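Predicted, not measured: the structure shown is a model, and the values here were computed from it. Convention: sequence-line order gives letters A, B, ...; per-chain numbering from 1.
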Amino acid sequence: MNNLLSNAVLGLFIFLALGGGVLAVSLKNIYHNVLCFALSLLGVAGIFVFLHAEFLALMQIMIYVGAVVVAITFAVMLSPPMFAPPRPRSKAKILFSLAMSLLFFAFFFKALRMSRFNINDDRTAASVVDLGMSLMNQFQVPFVMISLVLLVAILGAIISAGKGTSK
Amino acid sequence: MHDLSVYLIVGLAMFAIGMYGLLERRSLIAVLISIELMLNAVNINFAAFGYFVAPDPTTGQVFVIVIIALAAAATAIALGILMAVYRRFRSINIERVSQLKG
């Protein structure tokens, strides 16, 4: 019973992640795209909980839904007005994109079916303390590099958005 | 259902969805959303492998943290570029932004 319930909840999160993703790329209104993208990110956060990565689920909601989606929402102001009728999409381009992504999916699905992974049987969930220890000891250099990259990225974003000729 | 292959297939499907959006959409914002979807698919894969396969369970999570930080940085830069492109071309349709096409 417990197992059935957890499977149902996992299925719900997977449905949220994939359904939100499909709507995020297929709807015509850009604002609806952003909202469905937020839904998909929440589904991914739920999947992280099932993978015993609660800290990642928290980070996913805080950074993605809290910061990235809000930033993208502001950028929606630059898109053409929503009451304007959407321009028709070319059928050839849709078919090409659909074929490419389906081909990609089929290829890697086949590769997944053929591969064998040696599953670790005595696996333990990593606590937040473990994660912090490993970030401070084993992965110290990436941790520092990431903060440096973030600093440079923010400076670059300010410079590229701030100045420039307006005509 | 709580199995490695389920998570891998979900990640693969999400990556394919993002790839479709990347190829098909013309708005720069939608392209950005598609790239973020693909990054999320990669995150699911890393978390799944880190939990099911890796001997040290924190390794996969550290990878995901790094990717999330890089994705946030990428979004900041992309929005800066988007502002600059809008100021220059008065549009964020990627088919009109073709000055560097040669």
Contacting region of [X] [heavy-atom separation from chain A under 4.5 Å]:
| X | answer |
| --- | --- |
| B:Tyr86 | side chain |
| B:Val6 | side chain |
| B:Ala54 | backbone |
| B:Leu8 | both |
| B:Ser5 | neither |
| B:Ile9 | both |
| B:Leu4 | side chain |
| B:Thr59 | both |
| B:Asp56 | side chain |
| B:Leu32 | side chain |

Just verifying a value: how many Å separate [X] [atom1] and [Y] [atom2], rounded to the nearest 0.5 Å?
| X | Y | atom1 | atom2 | value |
| --- | --- | --- | --- | --- |
| A:Ser160 | B:Leu82 | OG | CG | 10.0 Å |
| B:Ile92 | A:Met77 | CD1 | CE | 11.0 Å |
| B:Ile67 | A:Leu56 | CD1 | CG | 10.5 Å |
| B:Ile77 | A:Ile154 | CD1 | CD1 | 9.5 Å |

(request) Carefully, step by step, assess B:Thr58 and A:Phe55 under the rule side chain to side chain contact (heavy atoms under 4.5 Å, CB included). (result) CA-CA 11 Å; B:Thr58 59; A:Phe55 183 70; over 6 Å; no

Quick check for you: among [options], which has the greatest number of heavy-atom pairs under 4.5 Å with chain B?
| options | result |
| --- | --- |
| A:Leu51, A:Val34, A:Val44, A:Val149 | A:Leu51 |
| A:Val76, A:Ile72, A:Asn7, A:Ile119 | A:Asn7 |
| A:Pro142, A:Gly20, A:Ser90, A:Ser97 | A:Ser97 |
| A:Asn120, A:Leu102, A:Asp121 | A:Asn120 |

Say whether [X] and [Y] are linked into one hydrophobic cluster, either directly or through other cluster members, by side-chain heavy-atom distances under 4.5 angstrom.
| X | Y | answer |
| --- | --- | --- |
| A:Leu27 | A:Leu41 | no |
| B:Leu79 | B:Ile94 | yes |
| A:Leu98 | B:Leu22 | yes |
| A:Ile63 | A:Val152 | no |
| B:Val10 | B:Val42 | yes |

(message) Could you check whether any side-chain N or O of B:Arg25 sits under 3.5 Å from a backbone N or O of A:Val25, counting only pairs where one atom can act as donor and the other as acceptor?
(response)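 At least one qualifying donor-acceptor pair exists.
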
(request) Determine yes or no for a side-chain-to-main-chain donor-acceptor pair under 3.5 angstrom, with A:Arg123 supplying the side chain and B:Gly50 the backbone. (result)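 Not at all, since once roles are kept as given, no pair shorter than 3.5 Å links the two residues.
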
(message) Is the shortest side-chain heavy-atom distance between A:Asn118 and B:Phe52 below 4.5 Å?
(response)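 No, side chains not in contact.
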
(message) Connecting only ILVMFWY residues whose side-chain heavy atoms lie within less than 4.5 Å of each other, what is the rest of B:Leu23's hydrophobic cluster?
(response)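 Members other than B:Leu23 - counting any ILVMFWY side chain reachable under 4.5 Å - are A:Phe96, A:Met100.
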
Heavy-atom distance under 4.5 Å to chain B: side chain of [X], backbone, both or neither?
| X | result |
| --- | --- |
| A:Ile14 | side chain |
| A:Ala71 | both |
| A:Phe50 | both |
| A:Phe74 | neither |
| A:Leu23 | neither |
| A:Phe143 | neither |

(message) Quick one, A:Ser40 with B:Asn40, criterion side chain to side chain contact (heavy atoms under 4.5 Å, CB included). Give me CA distance, side-chain angles, the key distance, then yes/no.
(response) CA-CA 9 Å; A:Ser40 171; B:Asn40 267 286; over 6 Å; no

(message) Once ring pair (Phe, Tyr, Trp, His ring centres under 6.0 Å) is applied, what residue pairs with a partner in residues 99-131 of chain A remain, sequence neighbours excluded?
(response)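 Every pair satisfying ring pair (Phe, Tyr, Trp, His ring centres under 6.0 Å) with a residue in residues 99-131 of chain A: A:Phe104-A:Phe108, A:Phe104-B:Phe15, A:Phe105-A:Phe109, A:Phe117-B:Phe49.
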
(message) Applying side-chain contact (heavy atoms from CB on, under 4.5 Å), can you list everything that pairs with A:Ala157, at least two apart in sequence or on another chain?
(response)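 A:Ala157: side-chain contact (heavy atoms from CB on, under 4.5 Å) contacts with B:Ala76.
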
Do you know the tightest heavy-atom contact between [X] and [Y]?
| X | Y | answer |
| --- | --- | --- |
| A:Leu18 | B:Ile17 | O-CD1, 3.8 Å |
| A:Ala24 | B:Ile33 | CB-CG2, 4.3 Å |
| A:Thr124 | B:Pro57 | O-CB, 3.4 Å |

(message) Between B:Val64 and A:Phe48, does the side chain to side chain contact (heavy atoms under 4.5 Å, CB included) criterion hold? Intermediate values first, please.
(response) CA-CA 10 Å; B:Val64 176; A:Phe48 280 153; 4.1 Å; yes

(request) Pick out which of A:Thr73, A:Asn33, A:Ile30 makes a side-chain contact (heavy atoms from CB on, under 4.5 Å) with B:Ile29. (result)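 That would be A:Ile30; it is the only one of A:Thr73, A:Asn33, A:Ile30 passing the side-chain contact (heavy atoms from CB on, under 4.5 Å) with B:Ile29.
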
(request) Look at B:Met14, B:Arg26, B:Glu24, B:Glu36 and state which one has the largest set of heavy-atom pairs under 4.5 Å with chain A. (result)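 The answer is B:Glu24.
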
(request) Between chain A and each of B:Gly18, B:Ala13, B:Gly60, B:Ala30, count heavy-atom pairs under 4.5 Å; write down the option with the most. (result)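 It is B:Ala13.
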
(request) With chain B as the partner chain, list the residues of residues 126-136 of chain A whose heavy atoms fall under 4.5 Å from it, by residue number, and write 'none' if nothing qualifies. (result)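 Contacts with chain B: A:Ala126, A:Asp130, A:Leu131, A:Ser134, A:Leu135.
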
